[in-house]
Amino acid sequence: MSTVPQMPKCWKVESKPHKFCPGCGHGLVLKALGEAIDELGIQEKAVFGADIGCSLLAWDFFDIDTVQTHHGRTTPVVTGVKRANPDTICIAYMGDGGGYAIGSQHLVNAAARNERITVILANNCNYAMTGGQMAPTTLPGMKTETSPYGRDVNEAGYPTQGPEMVAAITREGAYVARGTVSNLKQLKGYFKKALQNQMDGNGFSFVEALSTCPTNWRTNAKDTWAFLEKEMTQYFKVGEIKNPAAKEGESGE
Amino acid sequence: MSTVPQMPKCWKVESKPHKFCPGCGHGLVLKALGEAIDELGIQEKAVFGADIGCSLLAWDFFDIDTVQTHHGRTTPVVTGVKRANPDTICIAYMGDGGGYAIGSQHLVNAAARNERITVILANNCNYAMTGGQMAPTTLPGMKTETSPYGRDVNEAGYPTQGPEMVAAITREGAYVARGTVSNLKQLKGYFKKALQNQMDGNGFSFVEALSTCPTNWRTNAKDTWAFLEKEMTQYFKVGEIKNPAAKEGESGE
Amino acid sequence: MSVAYKALPFEGEKGSWTVFMSLCKGCGLCMEKCPKGCLSWSSHLGAYGTPTIEPNMDDCTACGICKAVCPDCAIAVVKKK
Amino acid sequence: MSVAYKALPFEGEKGSWTVFMSLCKGCGLCMEKCPKGCLSWSSHLGAYGTPTIEPNMDDCTACGICKAVCPDCAIAVVKKK
Amino acid sequence: MSKTVKIALAGEGGQGVQSVAEIIAEAANEEGREALYIPNFGVEQRGGVSVAYLQIGDEPIGSPKFQTADIVVALSDRAVRRTKKYVGEETTFVYDTSIEGIEDDLPKNAARILAMPAIEVSKNELNPRVFNIIIMGAVIKATNVVSEDDAKAALEKKLGYKFEQNPSLRELNYNALSRGMELV
Amino acid sequence: MSKTVKIALAGEGGQGVQSVAEIIAEAANEEGREALYIPNFGVEQRGGVSVAYLQIGDEPIGSPKFQTADIVVALSDRAVRRTKKYVGEETTFVYDTSIEGIEDDLPKNAARILAMPAIEVSKNELNPRVFNIIIMGAVIKATNVVSEDDAKAALEKKLGYKFEQNPSLRELNYNALSRGMELV
Amino acid sequence: MTEKPIQEEKRAFLTGNEVVAWAALAAKADIMYGYPITPQNEIMHYWTRMAPKFGKRFLQTEDELSAGFTTLGGVLAGRKAFTATAGPGNTLMQEPMSMAEMMRIPSVVVVQQRGGPSTATVIYSQQEVTMTTFGGNGEGFRIVYSPSNHQELFDYTIKAFNTAWKYRFPTFVLGDGYQAKLRESLTLYDPEARGIELIEPEPFLGTEPVNGTKSYTNMRNTYNTEDELYDIIVRYGEEYKNIAPEVIEFQEFDCEDADVVIVSHGVVSRAAKGAVQELRSQGLKAGYFRPVTLRPFPADQLRAIADKTKTLLLVESSYGQMSKLVKEAIFGSTVALEYLLKPGVGVTSEELVAKVKQMI
Amino acid sequence: MTEKPIQEEKRAFLTGNEVVAWAALAAKADIMYGYPITPQNEIMHYWTRMAPKFGKRFLQTEDELSAGFTTLGGVLAGRKAFTATAGPGNTLMQEPMSMAEMMRIPSVVVVQQRGGPSTATVIYSQQEVTMTTFGGNGEGFRIVYSPSNHQELFDYTIKAFNTAWKYRFPTFVLGDGYQAKLRESLTLYDPEARGIELIEPEPFLGTEPVNGTKSYTNMRNTYNTEDELYDIIVRYGEEYKNIAPEVIEFQEFDCEDADVVIVSHGVVSRAAKGAVQELRSQGLKAGYFRPVTLRPFPADQLRAIADKTKTLLLVESSYGQMSKLVKEAIFGSTVALEYLLKPGVGVTSEELVAKVKQMI
Ligand SMILES: Cc1ncc(C[n+]2csc(CCOP(=O)(O)OP(=O)(O)O)c2C)c(N)n1
Ligand SMILES: Cc1ncc(C[n+]2csc(CCOP(=O)(O)OP(=O)(O)O)c2C)c(N)n1
Ligand code: SF4
Ligand code: SF4
Ligand code: SF4
Ligand code: SF4
Ligand code: SF4
Ligand code: SF4
Ligand SMILES: [Mg+2]
Ligand SMILES: [Mg+2]
């Protein structure tokens, strides 16, 4: 009979409970990621970069070599690591603000250069760490601290389609997918393929994970799931967008 | 009998001959743009922003209110103008380095927010002003000062597909096209539609113009045309990619 | 590295179920996803001084969904063979 | 605003053709695009002390292509009606 | 001119110490007194100890934080550890009786140490939601920074819209305030 | 120890003044002398006046640019206007006879003003392409900064690969050098 | 026109970030461009809530580079535009501000300092003094106000707009996390009701034709020759020097006979004030000097005091950034210097009193 | 291993940018990350030509932010990584360098100063002194060498790698457009053949397991409480102070009996040297002082001279950026100060001689 928590092996036990809020999707994304890393057996070779955003709270989340970087700059830091030591397996972890706003030049250019790194982006439709401002991914009509009357698409545009954008500037070698913490098994599968794509030297891999932020959404558990599963998926289509391994007729999940 | 040069009306005569090199495509792009502005009759309401890159040489090119900005920052400067005074017709003019590298976060986010501005990007496959380094758009195998043995796609990726990327993050209101100085009439047409799209309040408009740089390409006139028309078009497809006005069955050129 | 967590185990027909109180933040995500609706708030306090959860082991099928969706790995479920 | 440019006019059967020497940088783009191949280097020096161009008016059709492709608006072409 | 009173309130994210401090500050301000309230804040949106620094007096307040408080209220084990440095020889140190394992962490140098069964009282007598109002009662009683009436008025201002919908809430809060005042 | 010689060469983008300066500098360096050469550069890749600053001496050179040159060579109207500020009472100012409209811009204070038909000579006697080598000849003659032989050796080093392909080029260049030396 | 946000005067109990938003409204700012960063966020939160009510605009940009450059765009279009930032965002803001410096684009930036370097803390410090006063590549031709309480935060935010538009040097209100987040009382007022004239902005670009003819403006920040640039910098330098006496502000008291003068700025000077009062009440000869403008620095004013006192005690929540300004300003003085440097943390009156007592 | 880029010694006649590329090779740099900007470009041009021959790497990034942060990544991975920039690029570089400061990541940045502020000129200046010495949000815990000729450019670029890796403060070689573009002679050498030991970098991340067990590294730059940060900054400050005497470098001559000592740095000190020699040859008592490290600044050394001479003549191609460093360093001195400030343009011996003569 098990009386120890069933955490992924690469989670750092001493830093648990982790620093994320109750019900935070970051915990789920990193659980799926931890399992993916365990299953691929790459804990020792992995280098994990954490962006500023709530992702920074993961600076000591894993028993994995980790560097917490600046807001939006995790992609270049991790690119720098990989270029200098191609034996590492490099993961850049960031939020929608870090990835699609302040760090978008790094994201699109790393993608275009086909850097052999894996970028994982937790999309929670807002700037969570700073207290819930509008993000590029905020849904139309959604109220945030800087869209107090709801996001007006005429003023602020529609939610950024990150994976679609990344797909548009990458070529064959890239792996691009969007998962959700609502389907952790699938998400873990995407992570494994993304990491495998890096390990195979194919190229850039990118997974956006639809994630939850009950604190800034001001939702209870029920509404948290509902927002994730009903609202967000109206704008963000879950699935694989680009998969080099699926070339021969094999199709994504 | 005409004995005065047939320049677009909005060209500033006092600054001619302009500062671009012999055979430079910037002159042609700005000729097409000047004609488009003349034909739309918007000289007085236009605000022209020039990036750093050879585009800065256009700081006094037009009899049009002009601000030369920083490398990569023309999109936000012009966005700032438009947001503050929506009566202006705002044009951001930049090179491939300014638009796709250092300013790409501005480009993709302005596009995603559907800013009512027109971005015109001269793609000459290199960083010209700084003396011919590799750009995101440098062709595979092409020699530049920082790819002295030819661009290695395995190291540096394939040429950035800018309009395709912009198209992927914009919605219906946006106009996106790629023209070439090899077909100035078509290019002028794209510019007119792009500006009209802004004037109609539809949204963001973006035109990439394939352009020449004989100085850094180290080409004579013949090879200049050949590179533009034969090499570049292998990687950069000329045509309209997104046209709100073409919705009803009407197709792009 | 071993860290001791205060565990509250429950036994049922289909398996055993444990909540680690110092990991549970009382977010309630598990509760919403339990297909049997057999989780409820407990009077024990968790990581943030907030209530943890407890199962009704009569209904629990030890399916492990609650465990899977917990962002804090605060639940362990072992199915009986 | 009027600025005077040194112009070198040529007359032909189909029209008149002018190069503004202080605008022409001698890039040669026009020459390559002339469908009649009737442009050649001139001994007059242009904007950068480089040779300008001149037409063979026997062949020139005043089609205006050279004018259109000149990045410096250094050519004027007027077709006879 | 009376001395400026310095108050530090510390608890876990959900315990509502910031609201208590804010309401007291508002009340003092309404009384025409000088009040300064500053929350501590860190990178985490929740988690981490929440500390409220509150000063009330008759002259403009100096630096927003202070080294020694007149009263420190700590509502969790981590809060006790975090705030004992604000205790000086004239400080009243208040903590909740329910906190476990802090015997060794209690400040040695306080003028007075007071264990207060606020959590228990709120659970058993009132409602866990008004736990922080009990604390508020205790603080205003211990410090006299604002009158009970002004405290009630400030509560009304802050929570009036809720009281409208559910008038029994008003009574619940007022009771909590009184119970808190009794506990000191 | 002889005085450091200061040379300013200016012309239009295509006139090759930078190569002249560089070759002379290389030659001086090969002679074991101290040489410092710095081009001016601006934002434009072409267009704009191109100025080369060259100093040759026996001691390490001080600041890379200077206020007053020993010899100034200006090869276009704009170059004349741009460089006349480097002229002092001991300066030799050289310009090409073909330049028009600069009568009023010629420096008044030069020790010596020399109009040199380099463009014409290159066109008529040699080849427009070796125009700059004529200038080089003139400069080394006027300044004595390097010997003719060393200048030839430096030319060989720089253009040797071209001379290999077309040996008549070597002679053309040597002739240009000599002609330049004669023009001073 | 919508009605005035503030009619006449009113007492209010607010956080500093709210104060800034109100001040910007009172100064008739038209548009805010911004990117979130703690501890500045609530300026945007309050602005976005109030803006639509008063016909104001807001744009959330993709980063601070964009926030700075869009702000410049807004100013060029003839609007009173402003932005706010902190810490690493302030670092990025130096790029657009270097353009503003070169092109003399009036611009107002509110900085709420947090701990540094790097991401450090989101809380508080006075570690952005050097960067804010001297900026990026350039000579730091800019004006920096360092307020110490909410009333001043309000006053100087309003003033910053007038200063920026009058002198056309980028103008900063250098607050900090404490000021941003604390609540205290102040009086809000309509500056015009107090007789403060608010400068009307004029468009640089997108101007209207005059008598049917438009004259076009071509602006640049790049020059071809070193001499062109030299002339400009020297001219700016002269202009800056000339306006400095008009711009400089400071506070002092009890310096006449002081043995020790405490020099501090911003929120730290609240502690200094309390300390000097306490020391004086104990019969100790302490004095108080506070630069309100950190740039230009009240050099002559402080020098006059340095000439009379024995020791200056330099106190700041940084590792000596204000101290550098002081030393530069009064070079030549032989006054003794003592320091209380607390990078990233606050300073209290108590510790200042103790420090001075230990010195005397 | 490929063979050494430089065998023993050789005289060469190169541009400064070539020199830097050779020096980086000689220092066994592994990888350069960079973004083009004039006048630094040719460092990349030469590096990309030579790199493949010696098994070195290069990455051209999308901007200077990326160049800086990828450089830090390269260092974290255990490689000797470096970058080079100028002007507005240097402004952006302050963001990554603030992270390097906080996390003590050794890093080498070569700066070729150009005119400022903003885009200004692509040519030359000494206007990036303040920014390079003090940086972004933070306290400027960094080391800055200011070479004056190609030999030094070579020497100090090599040294910068050792300094950075030894002390773990970001290290800058502060050149300028003149040094970048001019050609002069120098001696290239293999530092190891001269007995200079080159520090081997170690990985921070991606480390190998020891005896089969890997111990994991978790690095951060963000702290929760003010006190945590305070302790770190004060500790860094102490460390910095302690290493300073070891790091500080300067040059002086003819100061013993000088009436005027010319203080200058970098390329300007070439003119100063010539001027002092000329003045002495005319029997005038001029002296020469030059900080080679601008940070830490040779304060004691200059103070000793200031105590003996009447006047310091501060000369620089900026509007007083080195002067600020001087005044801070020798505060308390009553030496008279005179200035020759030429922002964005060069200084010649002739004008210095004239200036001193007019002063005496
Ligand atoms: C240069 C800079 N600008 C702004 C910030 C402030 N900041 C910290 S986290 C954050 C937003 C994070 O949002 P996101 O990336 O979506 O992550 P989340 O917290 O939502 O997971 C911002 C704006 C910063 N740290 N640095
Ligand atoms: C922040 C910054 N980084 C770098 C530069 C240097 N720079 C000036 S122009 C340029 C490249 C321009 O290339 P592109 O945008 O393609 O325009 P082009 O000259 O090719 O037309 C660069 C890197 C700069 N001015 N500012
Ligand atoms: S604020 Fe939102 S994203 Fe951040 S830790 Fe809390 S729930 Fe997660
Ligand atoms: S360098 Fe190239 S892009 Fe720039 S002006 Fe010359 S030809 Fe045009
Ligand atoms: S999901 Fe986990 S943390 Fe949340 S209530 Fe359930 S057991 Fe507790
Ligand atoms: S194991 Fe399944 S049935 Fe049992 S509590 Fe969890 S989710 Fe419900
Ligand atoms: S295209 Fe124009 S500039 Fe070029 S050679 Fe022809 S006329 Fe001259
Ligand atoms: S007008 Fe037509 S035919 Fe005549 S020169 Fe020009 S291109 Fe040739
Ligand atoms: Mg987010
Ligand atoms: Mg380009």
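None of these values were measured; they are calculated from a predicted model. In what follows, every chain begins at residue 1, and chains take the letters A, B, ... in the order their sequences are listed.
How far CG of H:L313 is from CZ of H:F289: 14.5 Å, rounded to the nearest 0.5 Å. Rounding to the nearest 0.5 Å places CG of H:L340 at 6.0 Å from CG of H:L352. Between H:I330 atom CD1 and H:L312 atom CG the span is 5.0 Å, to the nearest 0.5 Å. Interatomic distance, CD1 of G:I233 versus CG of H:L341, reported as 12.0 Å (0.5 Å rounding). Put simply, CG on G:L325 and CG on G:L302 are 11.0 Å apart, with the number rounded to the nearest 0.5 Å.
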Side chain to side chain contact (heavy atoms under 4.5 Å, CB included), that's the test. Do H:V315 and H:V263 meet it? Break it down for me.
CA-CA 6 Å; H:V315 186; H:V263 182; over 6 Å; no

Using side chain to side chain contact (heavy atoms under 4.5 Å, CB included), reason through G:L65 and H:L92 one step at a time and then give a plain yes or no.
CA-CA 10 Å; G:L65 298 169; H:L92 292 172; 3.8 Å; yes

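With chain G as the partner, the residue from H:G332, H:P343, H:G135, H:G136 showing the most heavy-atom pairs under 4.5 Å is H:P343. In terms of heavy-atom pairs under 4.5 Å with chain H, the best-connected choice from G:G116, G:G177, G:A86 is G:G116. Residue with the most contacts toward chain H among G:A120, G:G138, G:G344: G:A120 (heavy-atom pairs, distance under 4.5 Å). Among the candidates G:G115, G:G237, G:G140, G:G346, the residue making the largest number of heavy-atom pairs closer than 4.5 Å to chain H is G:G237.
Residues forming a side-chain contact (heavy atoms from CB on, under 4.5 Å) with H:A299 (at least two apart in sequence, or on another chain): H:A329.
Of the two parts of G:V129, neither the backbone nor the side chain holds a non-hydrogen atom closer than 4.5 Å to a non-hydrogen atom of chain H. Within the 4.5 angstrom heavy-atom criterion, only side-chain atoms of H:L337, from C-beta onward, approach chain G. Interface remark: G:I232 contributes no atoms to any contact with chain H (heavy atom separation under 4.5 Å).
Nearest approach of G:P117 to H:M102, heavy atoms of both residues: O-CE, 3.4 Å.
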Write out the donor-acceptor pairs between chain H and chain G under 3.5 angstrom, atom names and distance to 0.1.
unit_1 : atom_1 : unit_2 : atom_2 : d
H:T91  : OG1    : G:N137 : N      : 3.3
H:S118 : N      : G:N137 : OD1    : 3.4
H:S118 : O      : G:N137 : ND2    : 3.0
H:T119 : OG1    : G:N221 : OD1    : 3.0
H:A120 : N      : G:N221 : O      : 2.9
H:A120 : O      : G:Y223 : N      : 2.6
H:Q127 : NE2    : G:E139 : OE2    : 3.0
H:N137 : N      : G:T91  : OG1    : 3.3
H:N137 : OD1    : G:S118 : N      : 3.4
H:N137 : ND2    : G:S118 : O      : 3.0
H:G138 : O      : G:Q321 : NE2    : 2.7
H:E139 : OE1    : G:Y319 : N      : 3.2
H:E139 : OE1    : G:Q321 : NE2    : 3.2
H:E139 : OE2    : G:Q127 : NE2    : 3.0
H:E139 : OE2    : G:Y319 : N      : 2.9
H:Y178 : OH     : G:E226 : OE2    : 2.5
H:N221 : O      : G:A120 : N      : 2.9
H:N221 : OD1    : G:T119 : OG1    : 3.0
H:Y223 : N      : G:A120 : O      : 2.6
H:E226 : OE2    : G:Y178 : OH     : 2.5
H:Y319 : N      : G:E139 : OE1    : 3.2
H:Y319 : N      : G:E139 : OE2    : 2.9
H:Q321 : NE2    : G:G138 : O      : 2.7
H:Q321 : NE2    : G:E139 : OE1    : 3.1
H:K327 : NZ     : G:E328 : OE2    : 3.0
H:E328 : OE2    : G:K327 : NZ     : 3.0

